[in-house]
K.L.:
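Sending over a structure as structure tokens; questions will come in a sec.
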Amino acid sequence: MASDPGIIPGDGAVRRQALAVGGSFIVQAPAGSGKTELLIQRILALLAVVAAPEEILAITFTRKAAAEMRKRLLDALERAQEETPPDEAHAVETWQRARVALARDRERGWGLLEHPARLQILTIDGLCAALVRRMPYLSHFGEMPSVAEDAGELYRDAAERLCTRLEGNGPASAALQLLLAHLDNRLPLLRDLLVAMLGRRDQWLRHLQSGGAATARAALERALAGYVRQALADAAAALGSERLTELMLVGRWAAANLAAAAGADNPLAALLDRSDPPGIDVDDLPVWLAITSLLLTSDSSLRSPRGLSVNLGFPPGKGSPEAEMKQRMAALLDGLNADPAGVERLLALRRLPGCVYADPQWSVLSALIDLLPLAVVELRTTFRQRGQIDFTEIARGALTALGDELAPTELLLQLDGRLRHILVDEFQDTSRTQYDLLATLTAGWERGDGRTLFLVGDPMQSIYRFREAEVGLYLRARTHGIGDIRLTPLALSANFRSQADLVNWCNQLFPRLFPAAEDPVRGAVPFVAAEATRPSLPAPAVTTACFAPRDDRTEANRVVDLIRQARQDQPNGTIAVLVRARTHLAAIVPRLKAVGLRFQAQEIDPLSDRPAIQDLLALTRALLHPADRVAWLAVLRAPWCGLLLDDLLLLVADRPEATLLECLAEASTPQGLFTGLPAASFRRLERVAPILAGAVSRKGRLPLCRLVESTWLALGGPAGLAANDLSDVDRFLALLDELDDGGDLLRLETLTERLAGLFAAPDADAPPELQLMTIHKAKGLEFDTVILPGLGRPVGKGDPSLLLWQEDPDHGLLLAPLPPAGSDQSEPTYQALAGIHRDKDRLETLRLFYVAATRAKRTLHLLGHTTVDKEGNPAAPASGSLLHAVWETLEGDVRYFSPDSAVQPPESSVRPGLRRLPADWTQPGLSASLPVVLPGGRRASGGGQHEPGRLDLSLRGEEGRIIGTAVHGWLERMVRDGLEQWPVERLASERPSLRGEMMGNGVPQARIDACLTQVMTALENTLRSVRGRWILGLHRDGACELAMTGVVDDVPVHAVIDRTFIDGDGKRWVIDYKTSAPGEGESVGEFLERERERYRSQLDIYRTLLMRRNPQEEVRAALYLPLIDAWCEID
Amino acid sequence: MNLDPLDIAASGGTVLTANKRLARELVRQFDRRQMAAGLAVWPSPAILSLSAWVTRQLQLLRREHRLLTDGQLQRCWELAIAADAATVHRDLLQLPQTARRAREAHLLLESYCVDFLPLDGDEDQAAFLRWRSAWQERAGREGWLDQGSALRMVTAAVADGALDVPSSLVLAGFDDLTPAVTGLCRGLTGRGCTVSSWDTPAVVVSQPAMWPCSDPAEEVRSCACWARALLSARPQATIGVVVPQLNDYQPLVERIFRAEFDPAGCLAGDEGPEPFTLSLGTPLAREGVVSAALRLLALADPLRIEEIGWLLRSPYLAGAAHEWADRARADRELRRRGRGSWTLAALQRTLRRLPGVARMADVIEVLATKRHDRRRLLPGEWCEQFAHLLAACGWPGGRGLHSREFQAVRHVKELLGQLAALDRVSLPITRGEALALLQRLAAETVFQPEGAETRVQILGMLEASGFAFDAVWILGLHEGALPAPPRPNPFIPLPLQSRLRMPHADALREGEFAAKVSRRLFAAAPTVILSWPHQVDGGLQRPSPLLRGLPTAALPPLVSVDPARVISSGRVPLELLDDAVAAPLTTRKPFAGGTGILKDQALCPFRAFAHHRLRARKLDAPDVGLDEMARGSLIHVVLEKFWRDARSQTALRAMPDEELADRLQACAEQAIARLERERRCDLPPRQRQLELTRLTTLARDWLAEEAQRSPFEVVEIEKEHVETLGRLIIKTRVDRIDRLTDGRVAVIDYKTGSVQVAQWSDERLTEPQLPIYCVGAGAESVGAVLFAVVRSRRKERGFRGLAATQGLWPAQEKALQKLLTERGWTDFRELCVHWRTTLTALGDAFANGVATVDPVERHKTCRYCDLVPLCRILESGPVIETGEGDNGE
């Protein structure tokens, strides 16, 4: 952000225009142009005119960005409550706009500062989720599922399930067999390729869904032919008819010359007997290819006139026609030499796809067209089973729910009525699905109806192709608008970030790197110059260092020097080391550590590279798998135990199959003392072995992360660790918690796989002035000094894809299947598409470089390597590397370094020793647990205490409980109604409602009658029995289900007494009903004795409570067992 | 009117609470008061939750059996939605959740006593109305009640005198009274009952103050330390920790509070009582014993290898206590066999042959006999089957159940009961459907082991209403949490929700609600601390607008007693020693491991020691299909079998195409059959057929290469040799040895991966197999040392290596010459001398117990090494791969 108001940017008018609330714009905002501030100002401007804040929707690329924009917006509104304008000039505009917005807020009573949720600032995923939540039915989701952190596992599940259909009889089997044969019967490979395809289904699915393979072929081949024709037309236009005619003439002559010599292998054969220039039909392709042979060498460069020889049909000779023809040809070549774009068009002819699919190729393609939609169906099954989806699915759900322009859903219409202004940030990194969503949301908008679209981004900074970003969509929106909405293109040019020299350096370099013309298919974006607003600084803006030959350690030393130098020049300045891939820091990180430079590394250090984490991983694996020998040995060698290799040898004592737990158990028996284990090692084992054995025996009883953590603590795992290690441990444990599967892990490998995606926390104590991160992470940030090492490394190749596709706005979809595994020949259509993808990657790499270079405010350091030739002179850097791209421009300014001879000894000789706790280590004293239990009540009937012993799994126990409850309820009812209401016969009429009760309480249909019979028996017994009638009868001071509380042993005890009354003799009875019966082979006497003992204490409590209530009463207690009409007094 | 509910209860009135928790709390307070008054016994007060009261009234009306349970209602709605979806062909991804949301909408409409027409809603809402009328129609027919209609029925019964009413009644802890509840109150009042409402404990003078933190972890830590300090100073205090977003904070809160309140207990890892009371439990399905039961029921045929591993490791199956070690070994063995999945039948057979796992084999047999049942049965019948299967597998095992496990098992029984209760509303269903229902019940059931109430109550925002504390800390009060973002129910038209101020309807309603709740909570105790995190998941946050203007709290220094911190800050200096040499070998017999020992020794001495002396190997992780190792060995075997017959190039050349094809077909058949025998598991037919085709094609292509070589005779195939290398004796095998025209031999090693001939000349000799043979046989007799690269791609296929014999392999001859020139040697003999020296040194080093961690190329050697945790190489820095993995992410 600009803090220097000194220079007023020349793009002020553009900025003012961008704030016009009535217009729709697409704004190109290059690095350092103050894009976020502009967005905020526009939102403030819109707030001043809308009827409700919900009419504005701002879409950001990340949640972090959304949070930042919201915060800045609200901060601005809050600041606007103050009367005094800010001091900084650029902040004044924001303050003024915020004051207007705030006035509107007050006038309309929005209360934005009290209800910040009314500001709709969302990521695209957040927006989709919100839409889906509003339309559970239309989106086909039902309630919104959770979004998987790692959708790869879901894809894998779906792909593997699809693969199992190989052995089935469905349509998938044939397709799978064909593909597997195609892939050399490598099922895991097929699975992986399917996984990759599922992750990108938003790109291909819509192409495969319409029609089937049969109808597709014609359309696809039409598209291919269209693409070829277009290329021919482009070439024809580039050459021009005059040149073409001349070429045909010379070419025919050369072809004739060659025909004699080369015969059938004549590359120019197509030019024989041909005088007209070729047309642009696919049939003309051979002629065109012959023309390229004439003009271009086999390695695809323009021929030099000196290279015209008899091999090309130009025999030597001084006279006519030899010399003349050679001269005419040379003239043509000279002309083309000045026309690189024309050469480019010709070159493109060599990379054309085929116009039809060969049958084997088509059969693979049609198998894919059949199979891929099935994979998506499987994926949906996985989503359903797991209750989890991926981001793509949310977006698809949102799109489904919105319907389309022709059939908009209710919701779209509703939104249409409400949404009036949409702002999108980072529009250059938009994906196809997101673009479609935006198009749908604005489908009903009409030009001039006051609704506006505001797209901001910088196509030069589009670097998220691996996340399906298509910069071509930005270009398309700029040219054609979105739907009916025309977008006024605006371009910011002021750079508030970098010193003038840096801006100028970029302005000179990048036009040469970036393509000259836009090409939406390849994502080609031309460079737009920036205008410096900050003055030049004395120090050089850019330095370039080249290491020849490659030597990462020397490069690392250079990085250290540069950091120190930057510190010296500007003590508080920020420094960033930015790399394309974090692996490029492999030599730098250890070097920085070695020289004691502390830094914050953002997602650079893999968590699994930390010894503390490896120890925990080993501990986890050991606890879960007794036969994981590596893990167990590692646990015994970790610092907390520290056995030596010799100890381990003695311990496992040539028993390759024994588990370490068995070995440990043996070693700790008296005989174990004779294994020869040294006493000190034995002591170590004595401390550690019981902890491990105890932990293993607890597996499953507590969550895995707690099992591991408690064991780790007990072992002394934290000893010797720093605070940062502890936060790494927290991350590891959080992962365990996430993966926990009933205290275990289903797939042990998942833990390692997921761990690979986690990084150690940045060093919290390190100063934030020195940061290490990837260029992607640095997007949007700025630093005084930026160091870019590793520029000499070539860009990696992507993995092959089962299917390549490319949308061509003019011709439709181009599709090519992966060539067979064993084939040596390249397949032109696949190659052609792969070529387009390579072009896209190459262009994106250049943009990545632009992003990296424009992070710097003061100084930029470029570091890379190249090879040396035999004489030791540096050669050009590897093609495909960033250094190669900038080489021509920079070569003169490069400083060369040969490997430092004085570098530290090679790292492999740094031998890892064994670090361990001393043998006599003891746990430091830990604070005692706080006695925090509240004196609480308990129930007299003893519920909640478990009775270990035989566990009856069958549902009969549950039925017994239901029967008991029912009998209690009905006996209570009888007392309440009075016995006279309850002749035994009445029971039969209550049967239906009893049945309902049984069912409602969970008795299975099949068991209802049996249970019902029991209840009826109990009730009938009671009603028929003299004793039963006495219990239910009318007595003095009687009660049913009497709820009482009393203090027993200083604790309130809650009791519910089934039945109590005072009998004719003045004795109070406490009666508890039990619906139990003697077990098989048990006599009634034995049974009653058992029950008496079992319930004695419960009834004692009842008795105590009642005696306390009225000490005058004599209280007697008894059990009544209606099922057998038995009575059991408790003495 | 704010009458104390305890007074009302004491005078025989009824107290209805918003939830069970508050009822429990009020009963506790009531008891405490009675005890303080010196009473020894008293009638239990009528304090209960509104829903319990409604049920009780239904009981009195003898209608309670018409009230469906939550599970039954849920099922009814699911069925209604599914039936509707089937007619309109709309497949909903989350049917149960949809039903829940729709029920919520239905209850909202009932509670607010309103309705709307399809015309007033959108398509989602129209669908909801269809589902709802399907439910209402069914409920009417069957006479069923749900919460809403039950309340209506009770209200009516109160009004018309069918129910007795208490003299006074107080509603406690309701932040909102819905029109339906208000209606009930009117009815009660009409019958002469005095109805009042109460939501705050006796007003206290409080000084709320805010406490900004950097992130949620720091927040929770501060809160826990503060609470501990407070309780240490005032042991009788009660503390409320209120968390508006309790779900998000739960893991943090549990972990940190446990660490700060019971540091020593954290080491025991026992399921002791928690030092705090958390109002949220965890899903029952996450309990080990429950998850085991569910998985057991869900196992299909065939089993995936990880499922088998799980079965073999689970403590919850019959025989686990005795067979654990053999089971673990069995898992290792099965993994070795490389199959990603096993049929139950094959698995059972295999387990029967492995030592010590008989009971496990029985369990598999049970699973196999209780095979997939295709019938449709009522849920209750499935319950019986599930219970039988579990019992037959010996679940929950013989380990003896812990208190927590015991409670969980009891819950499982209840779950089965709940499932059986669905008989009332369900038609017969498939086993899969029944299982899915059970799984869902288990996932939705919140499990909270019983424990005593504690002085530290951790509650959500709504649950906290009505509680009285001595001090309160409210966590997570950032802008996004309070007021909560609106979350209207999608099934009710928004304008209706807004108009009636339904919960979560819009920002306004959420704002008002937040204001109301915070007024109450911020004054809930003499001390109230309000904290908020600056950052959540990397995103910056502002404090809740409700904190505006509050002072910052002055907290005493917070001291952590977290055991991890205490132990790590103990500052014990670790010993550092060099542990690179172990005891030498004592045996003079061939040492098991073959050439692999020397290869490992060359790659890294530690690796050889760990692999071959400690016998430490990682567990294999078989993937789908055939692994690369098996594929390699299959083609090995095909060629082995072919040459055992054919013996010479002459024979090969003389062989007619058809015969060749037949022979290769037969060899491939035999190779696959051998693999199947070794693994005791047949390949599935189509995979088998594909592999057969691949093998014959590949072998034919390869033999075409062989046919073009100069003539040779195959003299040895897979023959065993004993070699002595320094103090080490090993047995070794060479894939094949050919006699060449000059009488010398070509030593051949088949490879299906990529090869590097340079490995034969490097100092460490990381590819020692053929050199070992050459050293044994003598340099003179060897004419060529070759990798036979058998791959499907033609460019990659062929012989690579070194040739001393002239004229046969020009490229390999050149390779040898180049190598000799580089090293300044004159002939092949000198290379053999180098080999001998190197191999002797490697053999000696291994025999002498040298186990230095010294990878030949750290990045490559260590990247896929299984010993990284054991060798501790990471102590000396990371093993970052130098790959060109791009994209920075």
Side-chain angles (χ1 to χ4, degrees), chain A residues 67 114-115 117-118 137 141-143 167 185 187-188 410 466 586 609 611 614 618 626-627 629-630 634 645 656 700 710 713-714 718 720-721 742-743 747 774 776 796 822 824 910 912 914-915 924 926-927 929 932-934 936 944 946 953 958 996-997 999-1000 1002 1004-1005 1043 1045-1046 1052 1108, chain B residues 31 40-41 44 65 92-94 97-98 122 124 127 262-264 267 269 288 291 306 328 332 380 391 406 417 420-421 423-424 450 452-455 485 507 511 539-540 545 561 564 567-568 570 574 579 582 615-616 623 625 684 690 694 792 794 869-870 874-876 878 880 884 886-888:
Chain A
E114 287 70 43
H115 307 295
R118 299 191 67 176
Y137 176 72
F141 277 7
E143 186 68 359
E167 306 294 335
N185 193 24
L187 198 54
E410 202 82 39
F466 69 99
D609 270 355
Q614 278 292 340
R629 202 167 169 118
V630 175
L645 294 178
S710 61
L713 289 171
L721 296 189
R747 257 183 96 240
T774 61
H776 281 98
D824 294 310
V910 182
L914 185 69
R915 280 161 20 96
L926 296 173
S927 307
S929 155
V932 290
V933 174
L934 268 183
H946 62 87
L953 254 194
E958 197 59 18
E997 191 181 328
M999 280 169 85
Q1005 187 89 54
T1045 308
R1108 288 230 192 103
Chain B
D31 288 350
V41 64
S44 302
H65 62 274
L92 289 174
L93 200 57
Q94 302 254 90
Q97 291 78 354
T98 314
D122 57 24
D124 273 86
D262 189 11
L267 275 61
S291 134
E306 59 260 28
R332 193 173 58 186
F406 187 88
D423 280 8
R424 187 179 190 185
E450 292 162 17
E453 299 272 308
T454 68
R455 297 194 173 277
L540 291 178
V561 297
I567 298 173
S568 81
L574 295 189
D579 183 31
R615 303 294 198 96
D623 201 344
L690 283 163
R694 179 186 82 91
S792 56
R794 178 145 188 231
L870 181 56
L874 291 173
E875 303 263 17
S876 65
I880 296 184
E884 293 296 335
D886 235 10
N887 290 342

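Proteins get letters first, then strands, A, B, ... in listed order; numbering begins at 1 in each.
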K.L.:
For the interface with chain A, which of B:Leu574, B:Ile567, B:Thr98, B:Leu690 has the highest count of heavy-atom pairs at distances below 4.5 Å?
P.N.:
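Among the listed options, the one with the most contacts to chain A is B:Ile567.
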
K.L.:
Side chain from CB out, backbone as N, CA, C, O: work out which of these in B:Ser291 comes under 4.5 Å of a heavy atom of chain A, or both, or neither.
P.N.:
side chain

K.L.:
Using heavy-atom distances under 4.5 Å, tell me whether B:Arg694 contacts chain A through its side chain, its backbone, both, or neither.
P.N.:
side chain

K.L.:
What part of A:Ala627 gets within 4.5 angstrom of chain B, counting heavy atoms only: side chain, backbone, both, or neither?
P.N.:
both

K.L.:
Locate the shortest heavy-atom distance separating B:Asp31 from A:Pro1052; write the atom from each residue and the value.
P.N.:
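Closest heavy-atom pair between B:Asp31 and A:Pro1052: OD2-CB, 3.6 Å.
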
K.L.:
Give the minimum heavy-atom separation between B:Gly539 and A:Ala67, together with the two atoms involved.
P.N.:
CA-CB, 3.9 Å

K.L.:
Which residues pass the side chain to side chain contact (heavy atoms under 4.5 Å, CB included) test with A:Pro188, not counting sequence neighbours?
P.N.:
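Here the qualifying residues are A:Arg191, B:Asp623, B:Val624.
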
K.L.:
Which heavy-atom pair separates B:Ala507 from A:His115 by the least distance, and what is that distance?
P.N.:
O-ND1, 3.5 Å

K.L.:
Of all heavy-atom pairs between B:Arg615 and A:Pro656, which one has the smallest distance, and what is that distance?
P.N.:
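Distance-wise, the nearest heavy atoms are NH1-CB, 3.4 Å.
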
K.L.:
Between B:Asp124 (side chain) and A:Tyr137 (backbone), is there a donor-acceptor pair under 3.5 Å?
P.N.:
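Here the side-chain-to-backbone pair exists.
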
K.L.:
Output the option from B:Ala40, B:Ser44, B:Gly288 having the highest count of non-hydrogen pairs under 4.5 Å with chain A.
P.N.:
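The candidate making the most pairs under 4.5 Å is B:Ser44.
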
K.L.:
Which pair of heavy atoms, one from B:Pro869 and one from A:Ala618, lies closest together, and at what distance?
P.N.:
CB-CB, 4.3 Å

K.L.:
For chain B, which of A:Gly742, A:Pro718, A:Gly1046 has the most heavy-atom pairs under 4.5 Å?
P.N.:
A:Pro718

K.L.:
With sequence neighbours left out, what residues match A:Pro626 under side chain to side chain contact (heavy atoms under 4.5 Å, CB included)?
P.N.:
A:Thr659, B:Trp324, B:Ala328

K.L.:
Count the heavy-atom pairs under 4.5 Å between each of B:Ala264, B:Pro545, B:Pro485, B:Gly511 and chain A, then report the option with the highest count.
P.N.:
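Of B:Ala264, B:Pro545, B:Pro485, B:Gly511, B:Pro545 has the most heavy-atom pairs under 4.5 Å with chain A.
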
K.L.:
Could you tell me which non-hydrogen atom of A:Leu645 sits nearest to which non-hydrogen atom of B:Ala582, and how far apart they are?
P.N.:
CB-CB, 4.2 Å

K.L.:
Pick out which of B:Leu267, B:Asp262, B:Val561 makes a side chain to side chain contact (heavy atoms under 4.5 Å, CB included) with A:Leu926.
P.N.:
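Among the candidates, only B:Leu267 passes.
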
K.L.:
To the nearest 0.5 Å, how far apart are CD in A:Gln614 and CG in B:Leu870?
P.N.:
11.0 Å

